[in-house]
Each structure stands twice: as C-alpha cells, then as structure tokens.
Visitor: 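Before we start, here is the structure in question, set down as structure tokens.
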Amino acid sequence: MSIFPYFTYLNKKIYYKINNSKNDGAIIFIHGSGEHSFVWKSQINDLDIDFNLIAIDLPSHGKSDKYENLSLEIYVEAVRQLVNALELKGVVLCGHSLGGAIAQQYYLKYRDNVIGLILCSTGAKLRVLPVILENTLHNFDTFLNNIPVGAFYRKTKEKIKKSYIEEVSKIEPKVVHTDFKICDNFDVIDNIGSIDVPCLILVGDADKLTPVKYAKFFKKNIEDSTLKIIEKAGHSVMIEKPNKVNNAIKSFIKNKISDN
Ligand code: COA
C-alpha cells in the first residue's frame with residue numbers, strides 16, 4: 001500500500017511516498033532535476049522486495065513546500081532529515097541524475113548508515129550543456145519541447161514522454177534552472193574511489209545526458225560495483241524500462257545487500 005506522508009525540515013513540509021514492508025531495510029529513491037517522486041512510480045508500486053520503498057519530493061518539488069536558496073547541501077540535508085525522522089537504519093540510496101549526485105554527496109558526508117548505492121543515469125561529474133541552462137532560465141517552453149529528444153530513447157512511447165513533460169512543467173522554471181546549476185557545479189570525480197559499499201550502476205544505452213562513459217567510470221573506480229546497461233533506453237531509464245530496472249534492483253538487493 002503506498003501512502004503520502006510528510007516530515008518537517010527547516011519548519012516546512014517535505015512529502016514522500018512509501019510502500020511499507022516488515023523489514024527494517026529501506027531504499028530511498030531521489031529524483032532528478034525538475035522532477036518529483038512520480039519518476040519512481042513503477043519502483044514504489046511494483047518492486048517486489050521486502051524493503052521499505054520510499055520516494056522523496058525534494059524541497060520545492062512535487063507536493064513539498066517551497067524553499068529559498070536551494071543547494072546540493074539543502075537536498076542532502078532533506079534526505080538526512082527523512083532518514084532521521086523515520087529512524088531508518090541501513091539505507092540504500094537510489095538517485096536519478098541530480099538525485100544520483102545527492103546520493104553520492106550524502107554517502108561522502110554520512111557514510112555511517114548507507115549500506116548500498118544505486119546510481120541511476122548519473123555521473124561523478126555532471127557538466128550541463130549551456131543551452132539547457134539558458135533555456136531553463138529564459139525559454140522554458142523550448143526546454144520542455146526538447147525533453148523528448150534529450151531525455152528519452154527515440155522509440156520510447158509518446159505517452160510516456162508526454163506524461164513526464166506534464167509533470168516537469170509543474171515545477172517552477174527557476175527551480176529547474178537551479179537544479180541544473182547544481183549539477184553543473186557537481187564534481188566528486190576524485191572521491192569516487194573511497195566508496196566502499198555495494199553499488200549498482202544503471203544506465204540506458206541511448207542516454208545522451210549522462211552517457212554510458214560516466215557509468216563505466218563508476219564501474220572502474222568503485223570496487224564492489226555492478227554495471228547494468230539497459231538497452232533501448234535513454235536518460236529516463238526507470239520510466240522507459242521499469243521492469244528491467246526493477247529486476248536489476250531486485251537482484252542487487254538479494255545478492256549484495258540482504259546477504260551481508
Ligand atoms: N564520468 C567520467 N568522465 C567524465 C564525466 C563523468 N561523470 N564527466 C565528464 N567526464 C569526462 C568527459 O568525457 C571529458 O573527457 P575527454 O576529455 O576524454 O573527452 C572530460 O571529462 C571533460 O568533460 P566535461 O567536464 O564534461 O567538459 P566538456 O567541456 O568536455 O563538456 C559539456 C561540457 C556540457 C558539453 C558535456 O559535459 C556534456 O555534453 N554533458 C552532457 C549533457 C548534459 O547537459 N547533461 C546534463 C547532466 S545533468
């Protein structure tokens with residue numbers, strides 16, 4: 001059963017979706033730039049594992065309250081507050097794109113209770129094309145119109161692309177712009193070798209925004225890592241190929257997390 005509760009962070013409300021299990025373990029799903037928890041719908045609803053499945057709406061995204069001065073730090077601390085509020089022990093952080101940057105930064109700061117990472121369509125450095133920064137600031141409609149080409153495999157169903165764009169269009173343009181600025185400034189290339197928890201790396205073979213090269217960098221530098229390249233998928237792999245992503249997560253949890 002999924003419900004939609006909230007916790008407070010800096011005196012404001014942060015919402016999350018949760019699908020409870022009896023197990024103490026939890027996967028926290030963190031969305032990317034201009035997104036909200038909707039991107040993890042197929043994981044929260046259909047992932048068949050005995051883990052609490054939680055998807056956060058980051059500050060100023062989805063149902064969560066609006067915050068001034070968004071930053072990577074604020075996003076990391078919001079996730080930290082979720083972990084504290086739910087008294088979670090031993091979390092797996094699963095982040096998409098910007099969400100992957102948040103997961104990495106969280107791990108580097110608070111590695112104590114992270115037992116695994118799922119890095120989905122992301123990188124250790126996330127430089128952003130100037131045209132994306134420009135359009136999110138001055139031509140938001142053009143940015144939205146370009147999403148099907150930039151964020152999806154060309155043959156992904158129109159219906160999937162359309163509903164994604166509909167959700168992104170609900171996020172304030174200046175928030176989307178700030179998200180991409182945060183990505184553009186993100187660079188933990190030199191720290192990746194210190195990751196010492198099991199790590200699942202997911203990427204679509206047709207990802208233009210965070211290409212397979214970024215995923216291979218993770219694979220090469222993270223000792224206990226598994227790389228899964230998903231065919232016929234772009235940057236929005238968890239929406240484009242939900243069953244394949246869920247199977248990969250399920251076998252990662254079974255083989256690398258639950259057994260330890
Ligand atoms: N992992 C491994 N290698 C990476 C990396 C990552 N996360 N990010 C960059 N690199 C590599 C690049 O491949 C490049 O290697 P090369 O010199 O051997 O070709 C080098 O580091 C420098 O790349 P970068 O820092 O990205 O600078 P750039 O000036 O070459 O390119 C962009 C800048 C914006 C054109 C480029 O980063 C890009 O095309 N980005 C993808 C599109 C985008 O906007 N993505 C949004 C992400 S949220």
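Since the structure is predicted, the reported quantities are computational estimates derived from the model, not experimental observations. For ligands, and for the atoms within them, numbers begin at 1 and follow the listed sequence.
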Visitor: Are Y153 and L209 grouped together when hydrophobic residues (ILVMFWY) are joined by side-chain heavy atoms under 4.5 angstrom apart?
Guide: no
Visitor: Got a sec, which residues hit ring pair (Phe, Tyr, Trp, His ring centres under 6.0 Å) with Y164, two or more places apart in sequence or on another chain?
Guide: F38, F152
Visitor: Compute whether any side-chain donor of one residue and acceptor of the other, for Y6 and D57, lie under 3.5 angstrom apart.
Guide: no
Visitor: Side chains of residues 83-91: which donor-acceptor partners sit under 3.5 Å, not counting sequence neighbours?
Guide:
none

Visitor: Starting from the N and O atoms of ligand 1, collect every protein N/O partner closer than 3.5 Å and put each pair on its own line with the distance to 0.1 Å.
Guide:
{"from": "ligand 1", "atom 1": "7 (N)", "to": "A124", "atom 2": "N", "distance (Å)": "3.4"}
{"from": "ligand 1", "atom 1": "7 (N)", "to": "K125", "atom 2": "N", "distance (Å)": "3.2"}
{"from": "ligand 1", "atom 1": "7 (N)", "to": "K125", "atom 2": "O", "distance (Å)": "2.8"}
{"from": "ligand 1", "atom 1": "13 (O)", "to": "K213", "atom 2": "NZ", "distance (Å)": "2.6"}
{"from": "ligand 1", "atom 1": "15 (O)", "to": "K213", "atom 2": "NZ", "distance (Å)": "3.0"}
{"from": "ligand 1", "atom 1": "18 (O)", "to": "K213", "atom 2": "NZ", "distance (Å)": "3.4"}
{"from": "ligand 1", "atom 1": "25 (O)", "to": "K125", "atom 2": "NZ", "distance (Å)": "2.8"}
{"from": "ligand 1", "atom 1": "40 (N)", "to": "R127", "atom 2": "O", "distance (Å)": "3.3"}
{"from": "ligand 1", "atom 1": "44 (O)", "to": "L129", "atom 2": "N", "distance (Å)": "2.8"}
{"from": "ligand 1", "atom 1": "45 (N)", "to": "L209", "atom 2": "O", "distance (Å)": "2.9"}

Visitor: Could you tell me whether the side chains of N191 and S194 share a donor-acceptor contact shorter than 3.5 Å?
Guide: no
Visitor: Can you list, pair by pair, the side-chain donor-acceptor contacts under 3.5 Å of residues 137-146, counting residues two or more places apart and other chains?
Guide:
{"from": "N139", "atom 1": "ND2", "to": "N135", "atom 2": "OD1", "distance (Å)": "3.2"}
{"from": "N145", "atom 1": "ND2", "to": "D141", "atom 2": "O", "distance (Å)": "3.2"}
{"from": "N146", "atom 1": "ND2", "to": "T142", "atom 2": "O", "distance (Å)": "3.3"}

